Amino acid sequence: MSNTSQAGNRINSLLDENSFVEIGALVSARATDFNMNPKEAPADGVVTGYGQIDGKLVYVFSQDSSVLGGSVGEMHAKKIVKLYDLAMKTGAPVIGIIDSTGIRLKESTDALNALGRIFQRQAMASGVIPQIAVVLGNCGGGLATMAEMADFVVMEDKKAKLFSVSPNTIEGNYEEKLDTAAAAFNAEAGNVDIVCDAASVNEKVRELVSMLPSNNEDFDCADECTDDLNRVCTNIAGYGNDAASIVTMIADNNVFVETKAEYAKSMVTGFIKLNGSTVGVVANAGEEKKDNTLGVKGCKKASDFVNFCDAFEIPVVSFTSAKTLGACMTCAADLAKATAKLAYTFANATVPKVNVIYGPTFGSAYTVMNSKALGCDMTFAWEGVEIGAMDAKLASKIVADGNDDEYTKAVEEFKGLQNSADSAARRGYVDTIINADDTRKYVIGALDMLFTKREERPLKKHGAV
């Protein structure tokens with residue numbers, strides 16, 4: 001049986017013990033051009049089937065690099081397409097284990113058409129069932145497109161390669177100079193959600209699956225919560241801009257599955273459980289966790305993540321600490337579009353949305369980060385945080401216009417009247433000012449209240465921002 005191959009072993013080690021059922025084990029290549037012999041391509045280089053992860057139904061395909069390099073040909077793709085059709089009918093995630101040399105050159109346009117059929121099924125499945133790509137070997141050319149069409153990409157850190165074009169074919173480059181196919185490069189570029197060693201891949205994939213609903217109508221996927229719903233997060237404010245630690249502290253049993261950790265460190269994204277239910281978290285953390293800026297990459301990272309959560313009815317909790325928009329000579333041209341995309345995504349999302357303002361937040365950065373104006377359902381602010389149009393010192397310089405006495409007076413007035421959580425709360429832009437240590441219970445309470453939220457949007461095919 002083909003499930004005893006390396007590809008089959010990879011599936012068996014990922015799934016619950018003895019749960020894998022193979023589909024299409026006898027399928028083999030039928031192309032005869034270039035004297036190809038179908039008997040030499042068992043299962044046509046890909047093992048497909050279904051099984052369970054922690055009792056949850058999942059569909060899995062695993063490419064077999066020992067058979068025609070795991071290359072994608074007509075029958076190879078037909079098996080994957082069939083798997084997607086079954087997954088869509090039953091409403092279950094698809095996990096693709098990729099280890100392939102690319103399209104099967106000897107099948108020429110048949111192979112290109114076959115790969116395109118996989119893309120089409122991935123597009124139809126997007127927003128309906130979760131898709132996870134697991135890169136354990138070569139993933140180049142069209143296979144890289146296939147991986148990036150998935151919702152999440154998990155990549156082994158040493159041997160796996162992901163590239164649209166080979167590093168050696170890039171003018172002026174060679175692999176030793178800059179390995180653009182390496183896991184580290186792809187993680188920093190935002191192409192990969194999780195990078196880990198080979199021994200941890202299965203654990204990371206299973207952990208991710210445990211956080212995701214089976215489909216976009218799976219509304220009853222909560223686990224029993226074994227953590228105290230009113231647990232006090234002692235000294236949570238002491239973590240400053242370390243948003244990942246803040247998120248971990250409020251999570252059930254302190255479990256946080258972070259995505260794209262190496263990309264756009266100005267923004268933290270990932271999943272936690274609160275009262276047993278999955279919640280998507282978006283936390284502005286400051287560039288490299290030092291200053292509180294909102295940059296192009298951070299906006300893109302947050303937009304993509306919120307869009308996924310909205311598609312699968314996963315509530316979103318944001319943690320905001322953003323003094324300003326972060327622009328540089330190379331990214332200034334993209335900043336306006338990036339912030340527009342983030343604002344649109346938050347405004348367009350109909351899932352429950354909660355915002356916790358945990359640090360100084362000013363100007364447009366405040367507005368686009370899940371503000372009340374964009375439709376945030378509940379906004380909390382930690383005691384003492386500053387919220388306003390501009391930092392008090394900068395605003396006072398403009399108001400005082402060079403008068404030192406007026407400047408000193410203006411700073412204090414601006415802080416009290418314009419740049420405080422109290423001021424924002426008086427105007428209804430903050431619902432409740434909370435003690436930081438009580439963040440967990442307030443957020444859980446808000447999400448519980450919002451559980452039955454229903455919100456309609458104007459009838460249209462889709463937005464165009």
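Computed from a predicted structure; not experimentally measured. Note that these values count all heavy atoms, side chains included, but never hydrogens, waters or copies made by symmetry.
Checking each of T345, V368, V465 against S303 for a side-chain contact (heavy atoms from CB on, under 4.5 Å) leaves exactly one that passes, namely T345. Screening N355, N370, T361 for a side chain to side chain donor-acceptor pair (under 3.5 Å) involving T320 leaves a single residue, N355. Screening D193, V247, V281, T259 for a side-chain contact (heavy atoms from CB on, under 4.5 Å) involving T269 leaves a single residue, T259. When the options T278, D227, N253, D252 are evaluated for a side chain to side chain donor-acceptor pair (under 3.5 Å) with K273, the one that passes is T278.
Within 6.0 Å of atom NZ in K460, more than 12 heavy atoms from other residues, nucleotides or ligands are found, so the atom counts as buried in its surroundings. Heavy atoms from other residues, nucleotides or ligands lying under 6.0 Å from NZ of K453 number more than 12. Within 6.0 Å of the NZ atom in K82, the count of heavy atoms belonging to other residues, nucleotides or ligands does not exceed 12. Within 6.0 Å of CZ in F219 there are more than 12 heavy atoms belonging to other residues, nucleotides or ligands. Other residues, nucleotides and ligands contribute over 12 non-hydrogen atoms within 6.0 Å of the OH atom of Y344.
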Next on the checklist: Please evaluate residues D44 and K79 with respect to the criterion salt bridge (Lys or Arg N to Asp or Glu O under 4.0 Å), reporting the C-alpha separation (whole Å), side-chain torsions for both, the decisive distance (0.1 Å), and the verdict.
Outcome noted: CA-CA 9 Å; D44 203 31; K79 291 178 67 175; over 6 Å; no

Next on the checklist: Applying salt bridge (Lys or Arg N to Asp or Glu O under 4.0 Å) to E156 and K158, what does each step give before you reach the verdict?
Outcome noted: CA-CA 6 Å; E156 188 272 334; K158 300 297 183 184; over 6 Å; no

Next on the checklist: Pair D16, K56 - check salt bridge (Lys or Arg N to Asp or Glu O under 4.0 Å), show working.
Outcome noted: CA-CA 9 Å; D16 295 349; K56 179 188 291 187; over 6 Å; no

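Contact check for L212 versus D151: no side-chain heavy atoms found under the 4.5 Å cut-off. At least one side-chain heavy atom of I434 sits under 4.5 Å from a side-chain heavy atom of T439. R121 has its side chain out of reach of I80: every pair of non-hydrogen atoms, C-beta onward, lies at least 4.5 Å apart. Two residues are said to be in side-chain contact when any heavy atoms from C-beta on lie closer than 4.5 Å; E262 and V195 fail this criterion. In this structure the side chain of M267 never reaches within 4.5 angstrom of the side chain of F305, judged on heavy atoms. Taking 4.5 Å as the limit, every side-chain heavy atom of F312 sits out of range of all side-chain heavy atoms of D218.
Taking all atoms of both residues into account, the shortest heavy-atom contact from M146 to I118 is SD-CG2, 3.5 Å. Scanning all heavy atoms of the two residues, the minimum distance from A347 to K353 falls at O-NZ, 4.1 Å. Smallest separation of non-hydrogen atoms from Y84 and Q131: OH-OE1, 2.7 Å. Between D334 and V296, the shortest heavy-atom distance links the atoms C-CG2, 3.9 Å. When all heavy atoms are compared, the tightest approach of L15 to R206 is C-NH1, 3.6 Å. Here the closest heavy-atom approach between residue E258 and residue A244 is recorded as OE1-CB, 4.2 Å.
Atom CG of N12 is separated from atom CD of E17 by 9.5 Å, given to the nearest 0.5 angstrom. Here the OG atom belonging to S13 is positioned 7.0 Å from the CD1 atom belonging to I97, to the nearest 0.5 angstrom. Separating the CD atom in E207 from the CD1 atom in I53 is a distance of 12.0 Å, to the nearest 0.5 Å. One finds the SG atom of C225 at 5.0 Å from the CG atom of N275 (value rounded to the nearest 0.5 Å).
A donor and an acceptor atom, one from each side chain of T101 and S71, are nowhere located under 3.5 Å apart.
Ring pair F152/F271 is perpendicular by interplanar angle, where above 60° counts as perpendicular and below 30° as parallel. Using cut-offs of 30° and 60° on the angle between ring planes, the pair Y59 and Y50 is tilted.
For the pair D304 and K300, the salt-bridge criterion is met [side-chain N within less than 4.0 Å of a carboxylate O]. Between D228 and R440 there is no salt bridge, since no side-chain N of the basic residue sits under 4.0 Å from a carboxylate O of the acidic one.
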